[in-house]
Amino acid sequence: QVRLVESGGGLVQAGDSLRLSCAASRLTLNDAAVGWFRQAPGKERELVAAISVIGGTFTVDSVKGRFTISRDHAENTVYLQLNSLTSDDTAVYYCAAVLPYTRTAIVQGPHEYEYWGQGTQVTVSL
């Protein structure tokens, strides 16, 4: 079965940076549309950023300029670079993947994704 694994989370101070990784088994991420979501305590899961098969990206306004989604085709991995972290970024971060109908599709709705990882905790202290 397909398995997505996130890594790179941790406890950091405000202003620090982290790089989250999303790797897959039994799925070629290079052929998938991928999204990063996050869920803070007491809040709904929300999209942070998404990337199409060919590398087109979308980033939500609340993190634009601070977070960057990217792919490494050689490593079959999708990354989320988090810079200038604030306490508002504290959440469990999840990656999700789906094999899209088109290589240009940037998938934003959580219900559109077929595969999900278990999440990695990001905690930002003041």
Side-chain angles (χ1 to χ4, degrees):
Q1 64 187 37
V2 173
R3 184 171 178 232
L4 300 183
V5 178
E6 304 94 337
S7 61
L11 172 62
V12 297
Q13 294 184 332
D16 285 350
S17 298
L18 284 172
R19 188 177 76 162
L20 308 183
S21 301
C22 176
S25 60
R26 298 186 181 272
L27 174 69
T28 301
L29 272 184
N30 293 342
D31 296 332
V34 177
W36 281 99
F37 293 77
R38 68 183 180 184
Q39 188 166 20
K43 295 187 178 180
E44 293 187 355
R45 190 171 299 189
E46 62 175 355
L47 176 69
V48 175
I51 189 166
S52 71
V53 172
I54 63 171
T57 63
F58 170 82
T59 307
V60 297
D61 287 344
S62 61
V63 303
K64 195 169 292 184
R66 298 191 299 121
F67 291 8
T68 304
I69 188 171
S70 63
R71 290 183 178 274
D72 185 327
H73 287 277
E75 296 293 328
N76 194 36
T77 300
V78 174
Y79 299 103
L80 184 68
Q81 179 69 39
L82 291 66
N83 296 331
S84 303
L85 286 161
T86 74
S87 58
D88 289 341
D89 298 317
T90 294
V92 178
Y93 285 72
Y94 300 88
C95 71
V98 64
L99 296 176
Y101 289 109
T102 70
R103 295 172 61 81
T104 59
I106 299 174
V107 181
Q108 298 185 33
H111 61 281
E112 299 179 82
Y113 283 96
E114 184 170 359
Y115 308 109
W116 290 83
Q118 293 300 306
T120 185
Q121 176 71 48
V122 172
T123 303
V124 184
S125 63
L126 295 173

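Values below: every heavy atom of this structure, side chains too, minus hydrogens, waters and symmetry copies.
- Rounded to the nearest 0.5 angstrom, S7 OG and Y93 OH are separated by 15.0 Å.
- Counting heavy atoms from C-beta outward, R38 and V63 have side chains that approach closer than 4.5 Å.
- The minimum heavy-atom distance linking P100 with A33 is given by the pair CD-N, 3.7 Å.
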Which side-chain N or O atoms in residues 19-27 pair as donor and acceptor under 3.5 Å with protein atoms at least two apart or in another chain?
none

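- Residues Y79 and V60 do not share a hydrophobic cluster, defined by chaining ILVMFWY side chains whose heavy atoms lie under 4.5 Å apart.
- R66 pairs with exactly one of T59, D89, N83 by the side chain to side chain donor-acceptor pair (under 3.5 Å) rule, that one being D89.
- Following chains of ILVMFWY side-chain contacts shorter than 4.5 Å, one can reach V2 starting from Y113, so the two form part of one hydrophobic cluster.
- V53 and I106 fall into different hydrophobic clusters, where Ile, Leu, Val, Met, Phe, Trp and Tyr are joined by side-chain heavy atoms under 4.5 Å apart, directly or via other members.
- Considering T68, V107, V78 as possible partners of I51, the one that fulfils the side chain to side chain contact (heavy atoms under 4.5 Å, CB included) test is V78.
- Here the straight-line distance linking atom CD1 of I54 with atom CG of N30 works out to 13.5 Å at 0.5 Å rounding.
- Between atom CG of residue L99 and atom OH of residue Y115 there is a gap of 5.5 Å, rounded to the nearest 0.5 Å.
- When every heavy atom of L47 is checked against every heavy atom of W36, the shortest pair comes out as CD1-O, 3.6 Å.
- Under the 4.5 Å side-chain heavy-atom criterion for ILVMFWY residues, a single connected hydrophobic cluster contains both F37 and L29.
- Of all heavy-atom pairs spanning S17 and Q81, the tightest one is CB-NE2, 3.9 Å.
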Indicate every side-chain donor-acceptor pair of residues 118-125 with a distance under 3.5 Å to a residue at least two apart or in another chain.
{"residue": "T120", "atom": "OG1", "partner": "G9", "partner atom": "N", "Å": "3.2"}
{"residue": "Q121", "atom": "NE2", "partner": "A91", "partner atom": "O", "Å": "3.4"}
{"residue": "Q121", "atom": "NE2", "partner": "T123", "partner atom": "OG1", "Å": "3.2"}
{"residue": "S125", "atom": "OG", "partner": "V12", "partner atom": "O", "Å": "3.2"}

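- Taking the six-membered ring where the residue is Trp, Y94 and W116 present perpendicular rings, their angle passing 60° and hence far from 30°.
- Distance check: T90 OG1 to L85 CG gives 8.0 Å after rounding to the nearest 0.5 Å.
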